[in-house]
Amino acid sequence: MKSHLQQLIQQTLSTLQEQGELPDCDAPVQIERTRDKSHGDFACNIAMLLAKPARRKPREIAELIVGALPSSPQVSKVDIAGPGFINFFVSESAFHAVVPDILNQGDQYGRSHLGEGKRVQVEFVSANPTGPLHVGHGRGAAYGATVADLLAAVGFDVHREYYVNDAGRQMDILATSVWLRYLDLCGEEIDFPSNGYQGDYVWDIAAMVHRENTEAMQQAWAEISRDLPADAPQGDKETHIDALIARAKHLLRDDQYRLIFDLSLNYILDDIRDDLAQFGIVYEEWFSERSLADSGAVTRALERLQTSGHCYEKSGAIWFRSSDFGDEKDRVLVRDNGQTTYFASDIAYHMDKLERGFERVIDVWGADHHGYVPRVKAALLALGDEPARLDVLLVQFAVLYRGGEKVQMSTRSGEFVTLRQLRKEVGADAARFFYVMRKCEQHLDFDIDLAKSQSSENPVYYIQYAHARICNVFRKLDERGLNFDQADGIENLQLLSEAHEQALMNTVARYPEVVEAAALKHDPHQVAHYLRELATDLHAYYDTDNKRITLLVDNDALRNARLTLVSAVRQVLANGLNLLGVSAPAQM
RNA sequence: GCGCCCGUGGCUCAGCUGGAUAGAGCGCUGCCCUCCGGAGGCAGAGGUCAGAGGUUCGAAUCCUCUCGGGCGCGCCA
């Protein structure tokens with residue numbers, strides 16, 4: 001409908017331009033839905049935009065356009081209002097046409113081919129595999145997954161990816177932590193480092209290592225701890241743990257250390273994979289950071305930067321002159337000890353992403369990483385790539401509330417709330433919905449009590465209840481010995497003249513526009529808000545002014561028409577919920 | 001100090017590429033007291049869109065400054 005009106009206006013404009021009535025001008029033809037019914041269904045502001053270049057009053061231009069506008073069976077009336085808005089009133093038949101349209105398209109309604117199959121990569125979560133996902137990762141997970149699903153819904157070829165940081169120092173700390181717990185199980189008395197991973201899962205992995213290897217990797221604690229620099233508080237916890245890691249690698253030698261390292265990594269990756277799958281999130285690819293080093297991609301990236309003259313050496317390290325490309329200062333790529341930095345891997349990773357031929361690359365990061373964006377873009381620029389192909393979406397923090405109180409979290413002590421715990425407490429549906437309820441740049445207050453409550457205050461239940469309510473009507477149909485004929489219902493849609501029925505058709509017709517806007521702007525919350533509106537319309541229809549409009553009336557034509565309308569509503573509710581990764585139950 | 005994000009009724013937030021009298025939900029007040037599930041509905045009160053300038057026919061929306069809140073500024077990942 002929108003594009004139809006756009007065409008009508010466009011056509012009229014070219015005619016008027018040919019006749020010399022209007023100057024040539026490339027002002028965009030914007031059609032928007034009106035807020036107020038008295039302004040019709042759609043409005044166009046083109047007359048105001050043309051006022052200046054045409055040097056005429058907006059209302060005169062509007063009259064000119066309306067006068068030359070070809071008639072259309074879908075438009076019943078055209079008005080000029082206010083400063084020069086052109087208001088369109090949609091004809092009844094065109095208005096009703098969405099209903100059969102929705103029912104024909106079914107779960108495809110709202111999907112489109114806008115993306116033309118262009119390849120888009122969405123990388124999200126990518127939490128270090130050093131422990132279970134916590135609630136902070138949950139928002140990135142829900143948000144990233146929904147953005148990916150939205151893009152897929154509008155016709156992009158989406159590649160979901162998780163970047164596995166399996167090469168860094170944090171992994172060494174984990175492997176060493178596991179080994180120490182394993183030694184404890186072997187009966188060694190050890191002093192666990194203050195900077196080690198304290199969580200229970202470390203014990204679980206250690207127990208697994210112990211089961212499979214019994215005492216094969218046991219070493220005396222006295223030998224391990226000999227001459228180690230002191231741990232905090234007397235010494236520095238960082239130097240202590242680094243020395244401990246070096247000792248572990250030395251004593252265990254490559255094969256045994258690797259064994260513990262890989263067992264730990266795989267254990268945690270399995271946990272994360274399982275956790276996300278239960279959250280309705282499945283990736284096309286789990287991309288290993290280590291593979292970048294192994295394949296020589298990191299070296300290649302460094303060489304490309306060096307040969308293009310964007311690097312220099314200072315105090316034993318190799319620096320990238322990122323300040324030449326908009327970053328606030330230069331960054332180290334290779335440390336004085338010869339190790340490449342995380343940033344070097346990241347350059348290689350992004351280079352690899354673009355080389356894989358994605359039209360667009362989207363990274364979903366926590367907002368605390370925002371300072372990192374300029375340097376990655378700088379690297380792409382230096383490499384001669386287009387930084388514009390990379391979109392970094394920053395997600396603000398989520399804070400949990402329980403009983404009106406902020407839920408405190410501390411990662412180190414192992415007392416954090418895991419995503420798994422949250423799912424268990426509020427359910428995956430509520431969690432997915434709450435996480436995307438706010439736009440990503442907005443801090444999120446996640447009210448656990450609200451997410452669990454089964455009342456209209458809880459938007460998830462309110463929406464799901466609308467869906468279940470419709471399903472229930474169809475169950476009652478049989479009980480009452482009535483039948484439903486959809487074809488007859490479609491024939492009789494003109495019987496639906498109640499204000500609430502009109503409102504439902506209007507809302508339901510907007511759905512594809514909402515999906516499109518949400519996808520292109522990476523704004524899943526628009527779908528969440530839309531669904532709440534649709535549910536409100538449905539509940540209001542069902543319970544009109546305290547005099548319920550009965551759907552199951554004896555009049556066949558009217559009953560069929562009403563049931564046809566609500567089954568279209570049910571379809572849209574289901575499609576929308578599905579897009580957010582939330583179930584649409586038939587009963588609750 | 002510098003950079004990024006945010007600042008809309010008591011609370012939590014929408015507000016589409018600037019557009020026609022600023023919208024919801026919760027809470028509050030008053031109703032509908034069960035009829036296809038009241039897990040619902042209706043009505044009402046409540047807003048200098050943080051503040052000040054500017055651009056524009058038109059600004060919550062764009063620009064500048066000020067104030068307030070969050071986050072980030074490692075040869076960590």
Side-chain angles (χ1 to χ4, degrees), chain A residues 28 30 32-36 38-39 43 45 48-49 51-52 57-58 81-85 87 128 130 165 167-171 173 238 289 314-319 328-329 331-337 339-343 345-346 366-374 394 396-397 399 401 437-445 447 450 453-459 461-462 464-466 468-470 472-477 479-480 482 513-514 516-518 521 523 525-526 528-530 532-533 536 538-553 563 566 587-588:
Chain A
Q30 302 167 8
E32 48 189 30
R33 285 185 182 271
T34 56
R35 222 178 297 167
D36 189 332
S38 67
H39 296 141
N45 64 350
M48 274 106 85
L49 295 178
K52 203 166 204 179
K57 287 182 183 154
F85 286 104
N87 292 337
N128 277 348
T130 52
N165 296 121
R169 173 169 169 265
Q170 295 303 320
M171 279 307 298
I173 296 179
E238 305 291 349
E289 179 188 1
K314 194 179 90 185
S315 50
I318 296 175
W319 295 69
E328 53 184 9
K329 57 181 169 186
R331 309 288 172 180
V332 171
L333 296 175
V334 184
R335 278 176 262 179
D336 56 6
N337 64 8
Q339 282 189 312
T340 54
T341 58
Y342 178 82
F343 181 42
S345 298
D346 229 24
D368 52 339
H369 285 68
H370 68 79
Y372 207 72
V373 179
L394 298 170
Q396 295 288 335
F397 287 167
V399 181
Y401 283 85
M437 208 163 44
R438 306 277 173 248
K439 52 184 171 195
C440 66
E441 58 267 36
Q442 187 76 247
H443 286 251
L444 173 68
D445 290 337
D447 185 335
L450 180 60
S453 87
Q454 308 205 344
S455 71
S456 65
E457 300 157 40
N458 182 345
Y461 279 89
Y462 186 80
Q464 289 182 321
Y465 179 48
R469 234 178 178 179
I470 298 170
N472 194 53
V473 170
F474 284 92
R475 278 192 296 274
K476 285 286 170 187
L477 191 65
E479 276 178 31
R480 300 210 176 169
L482 294 167
E513 294 161 28
V514 172
E516 189 181 311
K521 297 198 68 191
D523 269 347
H525 79 277
Q526 290 191 31
H529 282 276
Y530 167 83
R532 181 145 225 298
E533 250 179 86
T536 301
L538 188 275
H539 288 307
Y541 177 44
Y542 193 95
D543 242 345
T544 308
D545 301 327
N546 313 317
K547 308 180 298 248
R548 290 193 170 178
I549 287 202
T550 312
L551 298 173
L552 302 179
V553 288
L563 289 176
V566 295
Q587 52 189 338
M588 296 168 69

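- Across the strands present, B:G25 finds its partner in B:C11; the criterion is a Watson-Crick or G-U wobble pair with both atom distances under 3.5 angstrom.
- In this structure, A:Asn87 reaches the bases: a heavy-atom distance under 4.0 Å links it to at least one base atom across the strands shown.
- The nearest pair of heavy atoms linking A:Val399 to A:Tyr401 is O-CD1, 3.6 Å.
- When the C1' atom is compared between B:G46 and B:U12, the two are found 16 Å apart, to the nearest whole Å.
- Contact annotation for A:Leu538: no contact, since no heavy-atom pair falls under 4.0 Å across all strands.
- Nucleic acid contact for A:Glu513: none, since no nucleic acid atom lies under 4.0 Å from a heavy atom of the residue.
- Distances shown here put every side-chain N or O of A:Tyr401 at or beyond 4.0 Å from the OP1 or OP2 atom of B:U12.
- For A:Arg532, whose side chain is taken as the heavy atoms from C-beta onward, the closest listed nucleotide among B:G38, B:U12, B:G25 is B:G25.
- Spacing of C1' atoms, B:U61 relative to B:G23, comes out at 15 Å, to the nearest Å.
- Nucleotide B:U17 holds its P atom 12 Å from the CD atom of A:Glu516, rounded to whole Å.
- Taking atom NE2 on A:His529 and atom P on B:C26, their separation rounds to 14 Å, with Å as the unit.
- Here A:Phe85 pairs with nothing under the ring-ring contact (aromatic ring centres under 6.0 Å, His included) rule; sequence neighbours left out.
- Distance check, rounded to the nearest 0.5 Å: CZ of A:Arg331 to CG of A:Asp346 gives 12.5 Å.
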With sugar-phosphate taken as primed atoms, P, OP1 and OP2 and all else as base, the protein-contact string of nucleotides 67-77 of chain B at under 4.0 Å (heavy atoms; B, S, -) is ---SBSSSBSB
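- With contacts defined as side-chain heavy-atom distances shorter than 4.5 Å, the pair A:Glu441/A:Leu394 does not qualify.
- In terms of heavy-atom proximity, A:Leu450 sits nearest to A:Asn458 at O-ND2, 2.9 Å.
- Ring stacking holds between A:Phe85 and B:A20, with the centres under 5.5 Å apart and the planes within 30 degrees of each other.
- B:A45 and B:G27 have their C1' atoms separated by 13 Å, with the value rounded to a whole Å.
- For B:A24 and B:A14, the C1' atoms lie 7 Å apart once the distance is rounded to whole Å.
- A close approach under 4.0 Å does not occur between any side-chain nitrogen or oxygen of A:His539 and OP1 or OP2 of B:C36.
- The CD atom of A:Gln526 sits 9 Å away from the C1' atom of B:A14 (whole-angstrom rounding).
- When all heavy atoms of A:Val473 and A:Tyr542 are compared, the closest pair comes out as CG2-CE1, 4.2 Å.
- Contact annotation for A:Met588: base contact, defined as any heavy-atom pair under 4.0 Å involving a base atom.
- Taking the ring-ring contact (aromatic ring centres under 6.0 Å, His included) definition, one finds that A:His529 meets it with A:His525, sequence neighbours left out.
- Spacing of P atoms, B:C6 relative to B:A50, comes out at 12 Å, to the nearest Å.
- Take the nearest nucleotide of RNA chain B for A:Met48 and for A:Met437: the residue whose nucleotide is more 5' is A:Met437.
- Going from the C1' atom of B:C63 to that of B:G18 covers 13 Å, rounded to whole Å.
- In this structure, A:Asn45 places its CG atom 13 Å from C1' of B:C16, rounding to the nearest Å.
- Here B:A14 is the nucleotide among B:U17, B:A20, B:A14 with the atom lying nearest to any side-chain atom of A:Gln442.
- A:Leu333 CG to A:Ile318 CD1: the interatomic distance, rounded to the nearest 0.5 Å, is 7.5 Å.
- At a threshold of 4.0 angstrom between heavy atoms, the contacts of A:Lys439 are confined to the sugar-phosphate backbone, with no base atom among them.
- Taking both residues in full, the closest heavy atoms of A:Phe343 and A:Val332 are given as CD2-O, 4.2 Å, listed atom of the first, atom of the second, then distance.
- RNA chain B is contacted by both A:Gln30 and A:Tyr462; A:Gln30 maps to the nucleotide lying nearer its 5′ end (nearest heavy atom per residue).
- Aromatic ring orientation, A:His443 versus A:Phe397: perpendicular (interplanar angle above 60°, classes split at 30° and 60°).
- Set against B:U21, B:A14, B:C13, the side chain of A:His39 has B:U21 as its closest nucleotide.
- A:Arg438 has its CZ atom 13 Å from the P atom of B:U8, to the nearest Å.
- Between the NZ atom of A:Lys521 and the P atom of B:A14 there is a distance of 12 Å, rounded to whole Å.
- B:C36 and B:G10: their P atoms are spaced 41 Å apart (whole Å).
- For B:G19, neither phosphate oxygen OP1 nor OP2 lies less than 4.0 angstrom from any side-chain nitrogen or oxygen of A:Arg35.
- Of the P atoms belonging to B:C5 and B:U64, the separation is 11 Å, rounded to the nearest Å.
- Judged by distance alone, with hydrogens and angles left aside, A:Asp523 brings no side-chain donor or acceptor close enough to the base of B:A14 to form a pair under 3.5 Å.
- A:Glu533 has its CD atom 13 Å from the P atom of B:C16, to the nearest Å.
- Remark: A:Arg480 is in phosphate contact with B:C36, judged by side-chain N or O atoms under 4.0 Å from OP1 or OP2.
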